[in-house]
Amino acid sequence: MSKAVFFHAGCPVCVSAEQQFASALDPARYTVEVVHLGEQKSRIAEAESLGVKSVPALVIDGQPFHINFGASLKDLK
């Protein structure tokens, strides 16, 4: 099973992306973790190390996919 991490900041763009993308992944193939960086600031460095530049972003097996644009990680620090 592959791991997917959905990073977001709670903004409307992020919530919409979570509903559309993270929820659409096949649970038989992916374990999905949702990380609200506005509430879990300690995980911003992890997101950066995975190549996330802005949120919402979905990281699947270490590969970041940026979805639309809600906020840059710099804005969340």
Side-chain angles (χ1 to χ4, degrees):
M1 185 170 301
S2 295
K3 180 177 180 180
V5 183
F6 182 78
F7 292 100
H8 73 96
C11 66
V13 170
C14 293
V15 171
S16 176
E18 179 183 355
Q19 292 169 348
Q20 293 296 314
F21 291 96
S23 301
L25 292 175
D26 182 354
R29 292 185 58 203
Y30 298 98
T31 300
V32 180
E33 178 184 12
V34 176
V35 179
H36 188 308
L37 292 174
E39 296 173 350
Q40 296 176 282
K41 291 189 180 289
S42 63
R43 300 208 44 197
I44 292 174
E46 174 189 347
E48 287 177 319
S49 74
L50 291 169
V52 174
K53 305 286 184 206
S54 64
V55 291
L58 182 63
V59 179
I60 299 175
D61 292 331
Q63 175 68 44
F65 297 93
H66 294 88
I67 306 163
N68 210 328
F69 182 82
S72 75
L73 289 189
K74 288 186 239 175
D75 294 335
L76 298 176
K77 290 182 180 181

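Starting from 1, each residue takes its place in the sequence as its number. None of the values given here were measured: they were computed from a predicted structure.
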_side-chain hydrogen bond (donor to acceptor under 3.5 Å, both in side chains) contacts touching residues 55-64 (sequence neighbours left out)_ = Ser2-Asp61
*By the rule that ILVMFWY residues connect when side-chain heavy atoms come within less than 4.5 angstrom, directly or transitively, which residues belong alongside Met1?*
none
_With sequence neighbours excluded, residues passing side chain to side chain contact (heavy atoms under 4.5 Å, CB included) with His66_ = Val52, Lys53, Ser54, Ala57, Pro64
_Nearest heavy-atom neighbours spanning Ser49 and Glu46_ = OG-O, 2.7 Å
*asked:* Going by the rule side chain to side chain donor-acceptor pair (under 3.5 Å), which residues pair with Gln40 if we only count those two or more places apart in sequence or in a different chain?
replied: none
_Non-hydrogen side-chain atoms of Leu50 and Val5 separated by less than 4.5 Å_ = no
*Report the residues that fulfil side chain to side chain donor-acceptor pair (under 3.5 Å) with Thr31, sequence neighbours left out, ordered by chain and then residue number.*
none
*Would you please name every residue forming a salt bridge (charged side-chain N to carboxylate O under 4.0 Å, His left out) with Glu33, sequence neighbours left out?*
Lys3, Arg43
*Residue list, salt bridge (charged side-chain N to carboxylate O under 4.0 Å, His left out) with Lys74, at least two apart or on another chain*: none
_My understanding is that a hydrophobic cluster links ILVMFWY residues whose side chain heavy atoms are under 4.5 Å apart, including indirect links. Using that, what else belongs to the cluster containing Ile60?_
Phe6, Phe21, Leu25, Tyr30, Val32, Val34, Leu58, Phe65, Ile67
_Which residues pass the side chain to side chain donor-acceptor pair (under 3.5 Å) test with Asp75, not counting sequence neighbours?_
Ser72
*Minimum heavy-atom distance between Leu37 and Phe7, given as atom pair plus value*: CD2-CD2, 3.9 Å
